[in-house]
Amino acid sequence: NIKRQKPGKEILRVENFSDSKHFRNINFNLHAGEIIGFAGLVGAGRSEIMRALCGVEKRLSGDVYVKGKKVEIKDPAGALKNGIGFLTEDRRADGLALALPIKTNINMNSYEMISKGGIISLKKETERAEKYSKDVRVKTPSVMQLSGNLSGGNQQKVVIAKLLCRNPDILIFDEPFNALDYKTYEDVKAIIRMLKAEGKTIFLTSHHFKDIEQLCDQVYSIEDCRLIPITE
């Protein structure tokens with residue numbers, strides 16, 4: 001288990017989140033360097049809360065505050081602009097462009113950060129891809145490798161690298177350990193611990209309570225559409 005620590009300043013607050021059938025009156029807050037975990041059975045509403053928070057799915061009511069400022073998030077691009085990165089549960093369908101190389105995938109959400117006058121710096125594109133693929137331990141001979149040719153575990157790491165390349169303050173990992181071999185599973189846990197040590201604020205959902213218990217400072221379960229605290 002990771003050492004529980006005194007949280008830093010509040011980074012995110014969610015108030016009175018509700019949708020039509022999966023969750024209602026959800027309230028929580030997150031602080032710098034803190035990991036919050038949502039446990040529960042598949043279909044309980046964990047992923048739906050995360051997807052609504054990032055604008056992937058609609059909510060009926062609720063407010064989101066980032067660093068004390070109320071924000072309106074309508075889609076994942078808007079979430080990124082507000083410093084929230086979303087690791088989707090289905091990496092192949094939603095997270096990667098499989099026909100494109102690792103380099104393009106990693107930079108995909110942040111080309112404006114390495115462009116001037118509409119011209120992309122190819123040098124920075126390659127440098128950033130190599131740095132972040134190395135940081136998350138993507139096993140590949142080159143960042144020009146097509147993403148579709150990677151193993152599932154390495155594809156997951158590329159999606160994580162794509163988020164980190166944008167440098168969000170808040171990271172949402174929705175079922176990040178799905179269908180991973182043991183080595184990659186341990187690598188992803190190490191990445192999450194590394195991000196926490198860097199002061200990132202992290203959401204983690206999993207139907208395996210052991211993962212949540214080992215990694216998180218706060219743990220909640222979703223029962224009857226409501227958030228139930230398991231730890232304080």
Side-chain angles (χ1 to χ4, degrees), residues 2-19 22-40 44-89 94-95 109-110 159-160 162-176 188 191-206 211-213 215-222 225-232:
I2 59 176
K3 183 180 179 182
R4 303 299 191 258
Q5 63 187 43
K6 188 176 181 180
K9 69 177 182 177
E10 182 183 271
I11 297 294
L12 180 82
R13 184 167 79 253
V14 172
E15 295 183 347
N16 302 316
F17 239 43
S18 299
D19 78 346
H22 300 104
F23 55 89
R24 60 178 180 269
N25 298 324
I26 300 298
N27 295 274
F28 57 87
N29 58 12
L30 263 172
H31 301 80
E34 189 173 40
I35 306 179
I36 185 173
F38 285 3
R46 296 169 294 109
S47 294
E48 285 79 6
I49 294 172
M50 300 296 97
R51 292 169 71 83
L53 177 58
C54 295
V56 179
E57 295 182 2
K58 300 296 183 185
R59 65 180 189 273
L60 296 179
S61 64
D63 296 315
V64 179
Y65 297 83
V66 176
K67 297 180 180 177
K69 180 183 176 182
K70 186 175 177 180
V71 298
E72 290 295 332
I73 296 173
K74 298 180 179 178
D75 53 39
L80 270 175
K81 287 178 182 177
N82 284 285
I84 303 173
F86 179 47
L87 179 75
T88 175
E89 183 176 6
D94 301 327
N109 288 338
S110 52
V159 180
I160 294 172
K162 180 173 76 168
L163 291 182
L164 300 187
C165 196
R166 183 72 191 225
N167 196 29
D169 293 317
I170 302 160
L171 290 156
I172 296 176
F173 290 159
D174 189 13
E175 292 283 358
V188 172
I191 291 165
I192 291 171
R193 291 187 174 105
M194 174 191 73
L195 293 169
K196 176 185 173 69
E198 292 174 357
K200 298 294 185 184
T201 300
I202 301 169
F203 281 100
L204 180 62
T205 77
S206 178
D211 299 329
I212 297 289
E213 184 182 37
L215 291 165
C216 297
D217 300 292
Q218 297 184 60
V219 181
Y220 294 87
S221 67
I222 313 294
C225 301
R226 295 186 182 278
L227 207 57
I228 310 297
I230 297 176
T231 62
E232 294 296 336

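When all heavy atoms of Ala32 and Ile11 are compared, the pair lying nearest together is N-CG1, 3.4 Å. A pairwise comparison of heavy atoms in Pro176 and Leu204 identifies CG-CD1, 3.3 Å as the closest pair. Nearest heavy-atom pair, Asn29 versus Glu10, reported as atom, atom and distance to 0.1 Å: ND2-OE1, 3.4 Å. Here the closest heavy-atom approach between residue Thr205 and residue Met50 is recorded as CG2-CG, 3.6 Å. Of all the heavy atoms in Ile212 and Ser206, the pair that sits closest is CD1-N, 3.8 Å. Residues Pro168 and Leu163 approach most closely at CD-O, 3.0 Å, considering heavy atoms.
Phe86 is linked by a ring-ring contact (aromatic ring centres under 6.0 Å, His included) to nothing, counting only residues two or more places apart in sequence or in another chain. Listed by chain and residue number, Ser18, Cys225, Arg226 satisfy the side chain to side chain contact (heavy atoms under 4.5 Å, CB included) test with Arg24 (two or more places apart in sequence, or in another chain).
Taking the side chain as every heavy atom from C-beta outward, Asp169 and Thr201 never approach each other to under 4.5 Å. Two residues are said to be in side-chain contact when any heavy atoms from C-beta on lie closer than 4.5 Å; Ile202 and Leu215 fail this criterion. When side chains are defined from C-beta on, Phe173 counts as touching Leu195, because their heavy atoms get closer than 4.5 Å. In this structure, the side chains of Leu164 and Leu171 come closer than 4.5 Å at one or more pairs of heavy atoms. Looking at Val56 and Pro76, their side chains come closer than 4.5 Å, going by heavy atoms from C-beta outward. Taking 4.5 Å as the limit, every side-chain heavy atom of Val14 sits out of range of all side-chain heavy atoms of Asn27. Between Asp217 and Lys196 the shortest side-chain heavy-atom distance falls below 4.5 Å.
Note that CZ of Phe203 is 9.0 Å distant from CD of Gln218, once rounded to the nearest 0.5 Å. Rounded to the nearest 0.5 Å, atoms CD1 (Ile170) and CD1 (Ile36) are 11.5 Å apart. For the atom pair NZ of Lys67 and CG of Leu12, the computed distance is 11.0 Å after rounding to the nearest 0.5 Å. Here the straight-line distance linking atom CD1 of Ile35 with atom NZ of Lys200 works out to 13.0 Å at 0.5 Å rounding. With values rounded to the nearest 0.5 angstrom, Phe38 atom CZ is found 11.0 Å from Ile230 atom CD1.
Sorted by first and then second residue, the pairs that involve residues 54-66 and meet salt bridge (charged side-chain N to carboxylate O under 4.0 Å, His left out), not counting sequence neighbours, are Arg51-Glu57, Asp63-Lys70.
Side-chain atoms of Asp75 come within 3.5 Å of backbone atoms of Ala77 as a donor-acceptor pair (strictly under, hydrogens ignored).
No hydrogens or angles considered: nothing links the side chains of Asn16 and Ser61 as a donor-acceptor pair under 3.5 Å.
Using a 4.0 Å cut-off between a side-chain N of Lys or Arg and a carboxylate O of Asp or Glu, Glu72 and Lys74 do not qualify as a salt bridge.
The aromatic rings of Phe23 and Phe17 sit parallel, their planes meeting at an angle under 30°, below the 60° perpendicular limit.
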